[in-house]
Amino acid sequence: MPGSKSSWAVKIVAVLVKDLRAEYRTRYAVNAIFLFALTTLAAVSFSLGAGGIPGHYLAVLFWIILFFSALSGLAQSFVKEAETGTAVSLKLNAADDAVFFGKWLFNLILLLGLECFLVPLFLVLLNADVARWPLFLGVVLLGSLGMVSATTLIAAVIATAGVRGALFSVLALPILLPLLVPLVRVTEYCFLADSVAGSDELTVLAAYAVVATVVGWLLFPFVWRD
Amino acid sequence: MTKMSNADRRQEFSLQLEGVSRRFGPRIICADVSLSLQQGDCLAVVGPNGSGKSTFLKMLGGLLRPDSGTISYFNQGQTVRREHWFSYVSLVAPDLALYAELTARENLTFFNKIGGWGKSGDDLLTLIDDLGLGGRADDLVGTFSSGMKQRLKYAAALVKDPPLLLLDEPTSNFDEAGRAIFIKILNQCRSTGIVVIATNDAQEAEFAGQQVVMGG
């Protein structure tokens, strides 16, 4: 087909670089997710006080804060395109694959950046000790991949909708709930030195990330074009 | 797959509409429109405000589907799959925007890369100069006037040397120099491809050899 002088990877990177550059200049999504994470963490920390929080509750709090912080910002890359009228330019110039994976990478970088900020603060403010660091980092990475894959597609859906307000959270919750449950369970193991991590949950997390990415990629053209 | 040059791509391109109809609620935008456009054709879509000219252009560009009938792109006699239409069409329209937080050069570089059009940095700079934006290539588009944004929309549209150029209200926000640029681009593009203009300006409509009149 014509217009094939750039490879697939170059086109994806072009979308990613464009989004990173625009984000660097406007702080559109970064402000939303980092401020949400900070205020929620501060509220939780002041409410519960530091220390003595059971591992299960630490895991629940960690993922709730991360989940809702992510929801406040991960839709922005698509919603902004729709609101500013650039979505039409993108549709008329870019292949669907390049748009999906460019936005997917942008959201992943945004979420990993948030985690680099949130994890140390969470551990310090709630006086939490991670007993199994490799497992904890693996779970955070798998959780991020799953969350980003699902939310990238949902963001494309709501960007085409007329009423966007709470639609993202409403659509994301049932889709992300099967991810959140094993995430909380495995994260709980990470905080407890005397428990044994279940490989079943890790398999579920990895499978969710793969399935969500593939399904998102396959469904994206229908959401984006029709 | 055999790669074609941009010139080959334009010469071999044609567009066909068969019984195309579209309505918004009770309002009929177009009913049973059939036409065929080849290289060198220029079509004016005319009608009063709200008659559906922009909607018609969006259907031609693949941004909207007709309720009934078919729109087909042909390249070298082969039907082009809908997901590849974007490679053949450019649109300049009031509700299409460029990235305000990027510079003019960054916008064109982005469109060049994601389309894989293989233009060099110098080619893009020449395009910016040709559109009368020389010296503003590294300014953020958000700082541009509406006329300058309109000129940059033309530059973005021309990055891919489109076989099909769709122009919705093509001279809106243009001064006299801008109108001269529009005429130059129109003549250049219709000699090598197909141009469709949606307008309610009689002078602009006169540039076209064929007209489709949208209902009020």
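Every chain is numbered from 1 and lettered A, B, ... according to where its sequence line falls, protein lines coming before strand lines.
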- Message: Would you say the rings of A/W224 and A/F220 are close, in the sense that their centroids are separated by under 6.0 Å?
- Response: yes
- Does the gap between the ring centers of B/Y88 and B/W85 come in under 6.0 Å? no
- B/L60 backbone acceptor or donor facing B/Y73 side chain under 3.5 Å: yes
Check whether [X] gets within reach of chain B through its side chain, its backbone, both or neither, counting any heavy atom under 4.5 Å.
X	value
A/S89	both
A/A87	neither
A/A98	neither

- Looking at B/L96, B/V80, B/L64, B/L91, which makes the most heavy-atom pairs under 4.5 Å with chain A? B/L96
- Item | Partner chain B: residue of A/V17, A/T26, A/D96, A/V15 with the largest heavy-atom pair count (under 4.5 Å) | A/V15
- Item | Basic-acidic side-chain contact under 4.0 Å: B/D67, B/R23 | no
- Item | Steps toward side-chain contact (heavy atoms from CB on, under 4.5 Å) verdict (B/C189, B/L158) | CA-CA 9 Å; B/C189 288; B/L158 296 175; 3.7 Å; yes
